Amino acid sequence: MTDWDIKKLHILRTLNERGTVTATAEALLMTPSAVSQQLSNLAKQLGVPLLEAHGRRVRLTDAAHLVLRHAEAVFAQLERADAELSGYLQGEAGEVRVGAFSTAVPALVVPAVRALRASHPALEVRVREAEAAESYALLSAGDVDLAISLAAHAPTARDARFTRVTLLADPLDVALPAAHPLAATPGLRLADLADEPWIFGGSGPWSEITRTACEAAGFVPEQAHSAAGWTAILAMVEAGMGVALVPRMAAAERRAGVVTRVLSADQPRRHVIAAVRRGSEEGTAVARVLTALQNVQ
């Protein structure tokens, strides 16, 4: 029978995720030579080549990808075993580390934590603010147990490493200066704002969401100003410098000089999901947190 070495399989998996031996070594706190040696030993144990030269770098062979497909099932089963053992040892107690993007923390995570404190006071939730791409890296590395991000910027549902759970569809409203001519227009549509100067980030998820929503409404938004934080974006809207799409979850950031309008026919939405390492959703503590997040109104 083939000798499957879990530690070495984890190194191979990390190389597939990180792309280079150097990045893999940094992620696993190893030296590049140690990574190469461990993978060489794994190839000998399995009896198949796992790496091939590709310029100055290496890439995984077809055999390595085959190994990883089966290894993902092994990792998921280990997560289930760990979750079950944790539930056995801790009962209703435990700790769940949650990585979430900024607006999800007050809108989703905090209400869920409040509910859990009342229903399961021995269950501790530790929160770490992180952008979508970072939260998945943290989840994969084992630094968080649950990641909250946007569906458009998460690994696909076919990714064998994770289990995804839909939390909500967050409507996007438009923020205009209070004195804007369209601030009181009935039946406002996104297309009515095609000629307006827009404020959104220069790159990243929110830039893509704004551009995608506007293009679906039939126009390409003119980016007048670039900002990523809601405080800065709404301050510029209040000053009459442009308009912006604002997620309903960011309601706490509203300003007196800004009018927020619900768009009528072409209401865009962003879909918020939670993800865990496949198998860990069967653990008592993680399951409690997932349920609490889904129950937030």
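Quick caveat: nothing in here was measured; it's all calculated off a predicted structure.
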The residue among R248, R270, R269 that forms salt bridge (Lys or Arg N to Asp or Glu O under 4.0 Å) with D173 is R248
Same cluster (ILVMFWY, side-chain, under 4.5 Å), L15 and L29:
no
Answer yes or no: is there a side-chain heavy-atom contact under 4.5 Å between L293 and L146? yes
- request: Run the numbers on E95 and R126 for salt bridge (charged side-chain N to carboxylate O under 4.0 Å, His left out), then give the verdict.
  value: CA-CA 7 Å; E95 177 184 284; R126 293 190 178 274; 2.8 Å; yes
CG of L190 to CG of L172, rounded to nearest 0.5 Å, is 9.0 Å
Please examine the side chains of W198 and L193, heavy atoms only from C-beta on, and report whether any two atoms are closer than 4.5 Å.
yes
Rounding to 0.5 Å, atoms CG (L108) and OG1 (T103) come to a distance of 8.5 Å
dist M241:CE -> I199:CD1 (nearest 0.5 Å) comes out at 6.0 Å
CG of L51 to CG of L42, rounded to nearest 0.5 Å, is 9.0 Å
Closest heavy-atom pair, Q267 versus P171, reported as atoms and distance to 0.1 Å, is NE2-CB, 3.9 Å
Linked, directly or transitively: L78 and V67 (ILVMFWY side chains, under 4.5 Å) | yes
Exercise. Checking side chain to side chain contact (heavy atoms under 4.5 Å, CB included) for the pair L60/L12: CA distance, chi angles, key distance, verdict?
Worked result: CA-CA 9 Å; L60 274 62; L12 182 65; 4.1 Å; yes
Exercise for the section: Check the pair Q38 / H10 against side chain to side chain contact (heavy atoms under 4.5 Å, CB included), numbers first and verdict last. Expected result: CA-CA 10 Å; Q38 291 289 319; H10 180 60; over 6 Å; no
| query | Does any N or O in the side chain of E282 come within less than 3.5 Å of the main-chain N or O of R80, such that one atom is a donor and the other an acceptor? | reply | no
Closest non-hydrogen contact found for L182 with L176 is CB-CD2, 4.3 Å
Quiz item: Would you say the side chain of L263 lies within less than 4.5 Å of the side chain of P268, judging by non-hydrogen atoms?
Solution: yes
Between A25 and T31, the two heavy atoms sitting closest are CB-C, 3.7 Å
Note: L188 and R261 closest approach over all heavy atoms is CB-NH2, 3.8 Å
Between P197 and A224 the two heavy atoms that sit nearest each other are CB-CB, 3.5 Å
Dump the intermediate steps for salt bridge (charged side-chain N to carboxylate O under 4.0 Å, His left out) on E17 and R161, then the final yes or no.
-> CA-CA 11 Å; E17 294 171 359; R161 296 173 297 166; 2.8 Å; yes
| said: Main chain of P32, side chain of S36: is a donor-acceptor contact present, judged purely on distance under 3.5 Å? | reply: yes
Could you check whether any side-chain heavy atom of L168 comes within less than 4.5 Å of a side-chain heavy atom of V296, counting everything from C-beta outward? no
Using the rule given for side chain to side chain contact (heavy atoms under 4.5 Å, CB included), can you reason through V259 versus H180, listing the C-alpha separation, both sets of side-chain angles and the distance that settles it, and then say yes or no?
CA-CA 9 Å; V259 172; H180 194 283; over 6 Å; no
> Under the 3.5 angstrom rule, does the side chain of N295 hit a backbone N or O of A292 as a donor-acceptor pair?
Replying inline: no
Output for pair (S102 OG, E131 CD), nearest 0.5 Å, gives 6.0 Å
Checklist line | Atom CG of D62 with >12 non-hydrogen neighbours under 6.0 angstrom | finding: no
* Asked: Side-chain contact, heavy-atom cut-off 4.5 Å: R18 with E26?
  -> no
Nearest heavy-atom approach of D170 to P247 is OD2-CB, 3.1 Å
From the list N16, V35, N41, side chain to side chain contact (heavy atoms under 4.5 Å, CB included) partner of I11 resolves to V35
Find out whether E134 and R128 are in side-chain contact, i.e. whether some heavy atom of one side chain is under 4.5 Å from a heavy atom of the other. yes
| Path from L139 to L68 over hydrophobic side-chain contacts below 4.5 Å | no
Under 3.5 Å, is there a donor-acceptor pair between the side chain of T210 and the main chain of F200?
no
Applying salt bridge (charged side-chain N to carboxylate O under 4.0 Å, His left out) to E281 and not counting sequence neighbours gives none
Is there a path from V262 to V237 through hydrophobic residues (I, L, V, M, F, W, Y) whose side chains come within less than 4.5 Å of each other?
no
Quick note, ring-ring contact (aromatic ring centres under 6.0 Å, His included) partners involving residues 122-151, not counting sequence neighbours, are Y136-F162
**Asked** Strictly by modelled atom types, are T22 and T20 linked by a side-chain donor-acceptor pair under 3.5 Å?
**Response** no
- prompt: Between L150 and I273, is there a shared hydrophobic cluster once you connect ILVMFWY residues whose side-chain heavy atoms come closer than 4.5 Å?
  reply: no
Practice problem: For side chain to side chain contact (heavy atoms under 4.5 Å, CB included), just list the numbers for V276 and D145, CA-CA rounded to whole Å, side-chain angles, deciding distance to a tenth of an Å, and then say yes or no. | Solution: CA-CA 6 Å; V276 298; D145 304 304; over 6 Å; no
Here the gap from H65 atom NE2 to L50 atom CG, rounded to the nearest 0.5 Å, amounts to 10.5 Å
Check: So do V96 and E124 actually touch side chain to side chain, heavy atoms under 4.5 Å?
Finding: no
